[in-house]
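The block underneath contains the structure these notes are about, expressed in structure tokens.
Note that the structure is a prediction, hence the values are computed from the model and not measured. Numbering of ligands and ligand atoms starts at 1, following listing order. All values below come from the heavy atoms of this structure, side chains included, with hydrogens, waters and symmetry mates left out.
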Amino acid sequence: MKLWSGRFTKASDKLTEDFNASIAVDQRMYRQDIAGSIAHATMLARQGILTPEEGDLIVTGLKEIQQELEEGKLEFTVEAEDVHMNIETFLIRKIGEVGKKLHTARSRNDQVALDVRLYLRDEIQAVRNLIIDLQQVILDLASKHRQSIMPGYTHLQKAQPVTLAHHLMAYFEMLRRDLGRLDDCFKRTNSMPLGSGALAGTGFPLDRELVKEKLGFEEITRNSLDAVSDRDFAVEFAGLASILMMHLSRFAEEIILWSTEEFGFVELDDAFSTGSSIMPQKKNPDLAELVRGKTGRVYGDLITLLTLMKSLPLAYNKDMQEDKEALFDAVDTVKKSLMVLAPMLSSAKFRTDRMASAARGGFTNATDLADYLVNKGLPFRDAHAVVGRAVLYCIQKGISLEEVDLATYRDFTPLIEKDVYPYIDVLQCVIRRQLPGGPAPDTVEQAIKEAGEWLRRVKNVSAE
Ligand code: ARG
């Protein structure tokens, strides 16, 4: 029998029951549901809405149910529809009549809003820790590679020399912003909706502040209609998760590219690579490819949530039951992706010799040659043209700018002197770029130091 069957004259059709049920998905929130019910029952007893004995019976019963669920002794049923009514049914079965009082002054609408918020709060914390772990891996690698010269690219064409440390720290910065967005999302998730009832609150004298305190929320929601129909926090999470995955997909893409024979900048550890069922020689970066591919899933989750909420009239609508699958998928995908990238990266071998020789070809020092001429008094636009001609000459001869002899250089412009050679050495090109945010080893050392201090600070506080 359904908990809501009073006004019905027939049982549900089996199709109705299956289509309507969410237990397969929302059972994941059983701990949150029980925690919310314990707080609610405790408050009901404090307010004299339940007797102390009734409150105790319910709380003890709920704790036992949690225990039994954890031991696999209880089975959820589709007949009981969702996690809320499954647990209420267990409770009534366990403690009898008193169990029927738990749902006083509460609706599944404020209950589910509470459960999702409690769930997401924990998961935000978990994702936060995983971002920090990945940032630590990046930081450790960057510290080792402050002097490792590599070509920087624009349009995937060699542009100017940078260092591996500087390149890696670019990802640190992306993740720093992701962490900021996560903490921001936490603030709006951390609001307590119980007491909103189905949509219009309740006439019972609840103590919403007490429930808020018991469940560790920052504040209570301020409008009952909004509270039962707000899923902004889930959309926000999927939004920040999409941006985070976008960053991870860029990182993954570079790892895939760098582990090709053509680039040869990195070799992934065997433990984090996979083989081919037909081609014996293959070692593939499948994990990075999957991170790249799974980014699409999370974008899909975001679009699911946005579309689900679009045009919904106030207040609760059953459409919203569909939010969980998308939210859970975004949470799972982001966590797994962060989890796999960290050890894949820390165990990878960076082939700094290949990077350095790649930085030496391809005229990555051409801008510096132009800058050299600017320092000798030539306007930049003219310097650009002169160097352009020198590059063309080199391409025709199959040599690099370092290999042009002085006499030839002086045919291009007499402003060039012997000191040009140390000036356009790629290491010097990097060392020169000392502005804040630049790739010079000393500058990056400072950036790494600041990043390390920031990381220690954020590690010591939880999302807030
Ligand atoms: N299983 C529902 C959900 O996830 C719980 C709320 C149901 N409320 C209702 N009035 N049918 O949204």
Side-chain angles (χ1 to χ4, degrees), residues 1-8 11-13 15-37 39-40 62 65 69 75-92 100 102-123 189 191-202 215 221 223-235 237-238 301 304-332:
M1 254 249 281
K2 301 275 181 247
L3 292 179
W4 42 251
S5 63
R7 62 97 69 218
F8 288 80
S12 295
D13 190 283
L15 285 171
T16 306
E17 198 164 86
D18 282 345
F19 198 66
N20 197 40
S22 57
I23 187 62
V25 174
D26 63 19
Q27 57 178 273
R28 179 192 289 226
M29 304 190 301
Y30 76 85
R31 284 194 197 89
Q32 288 80 8
D33 196 75
I34 289 172
S37 288
H40 180 65
L62 287 167
I65 287 166
L69 279 169
E75 259 188 56
F76 294 114
T77 64
V78 168
E79 295 74 59
E81 197 176 315
D82 56 21
V83 67
H84 324 295
M85 292 198 296
N86 265 276
I87 288 173
E88 197 180 328
T89 307
F90 294 145
L91 184 69
I92 294 167
K100 297 181 185 168
L102 169 64
H103 210 51
T104 309
R106 188 177 68 171
S107 156
R108 279 184 294 153
N109 298 352
D110 56 355
Q111 191 177 356
V112 72
L114 175 79
D115 292 4
V116 182
R117 285 171 182 273
L118 283 171
Y119 162 83
L120 191 56
R121 261 189 355 185
D122 290 348
E123 294 296 359
T189 305
S191 198
M192 207 291 295
L194 279 194
S196 303
L199 74 164
T202 172
L215 295 171
T221 55
N223 178 295
S224 64
L225 292 167
D226 179 47
V228 294
S229 64
D230 168 28
R231 293 294 181 274
D232 289 5
F233 54 93
V235 178
F237 181 84
D301 295 329
T304 299
L305 287 168
L306 282 170
T307 311
L308 168 64
M309 295 306 295
K310 177 182 176 294
S311 314
L312 283 189
L314 290 177
Y316 179 84
N317 299 271
K318 190 72 172 223
D319 314 44
M320 292 164 68
Q321 176 164 286
E322 289 292 309
D323 63 351
K324 284 166 253 352
E325 216 168 334
L327 178 63
F328 296 171
D329 187 69
V331 166
D332 292 346

Distance under 4.0 Å to a non-hydrogen atom of Lys324: what atoms of ligand 1 satisfy this? 3 (C), 4 (O), 12 (O)
side-chain contact (heavy atoms from CB on, under 4.5 Å) with Lys100: which residues, sequence neighbours excluded? Ile92, Glu97
Just jot down the side-chain contact (heavy atoms from CB on, under 4.5 Å) partners of Thr307, sequence neighbours excluded, or say none. Ile303
Tell me if a side-chain donor or acceptor on Asp110 pairs with a main-chain N or O of Gly195 at a distance below 3.5 Å. yes
How many angstroms lie between atom CZ of Arg231 and atom CG of Leu327, to the nearest 0.5 angstrom? 10.0 Å
Suppose I only count heavy atoms of Ser22 and a 4.0 Å limit; which atoms of ligand 1 are within that range? 1 (N)
Geometric cation-pi criterion, Arg28 with Phe328: 6.0 Å, 45°: yes
Any atoms of ligand 1 less than 4.0 Å from a non-hydrogen atom of Gln321? List them with their elements. 1 (N), 2 (C), 3 (C), 4 (O), 12 (O)
Which protein heavy atom lies closest to atom 7 (C) of ligand 1, and at what distance to 0.1 Å? Tyr316 OH, 3.4 Å
To the nearest 0.1 Å, how far is atom 9 (C) of ligand 1 from its closest protein heavy atom, and which atom is that? Asn109 OD1, 3.4 Å
Find the distance between NZ (Lys2) and CE (Met85) and round it off to the nearest 0.5 Å. 7.0 Å
Please write down residue, atom name and distance for the protein heavy atom closest to atom 11 (N) of ligand 1. Arg108 NH2, 3.5 Å
Taking only heavy atoms of His84, which atoms of ligand 1 are found under 4.0 Å from at least one of them? 5 (C)
Using a 4.0 Å cut-off to any heavy atom of Asp82, which atoms of ligand 1 qualify? 1 (N), 2 (C), 5 (C)
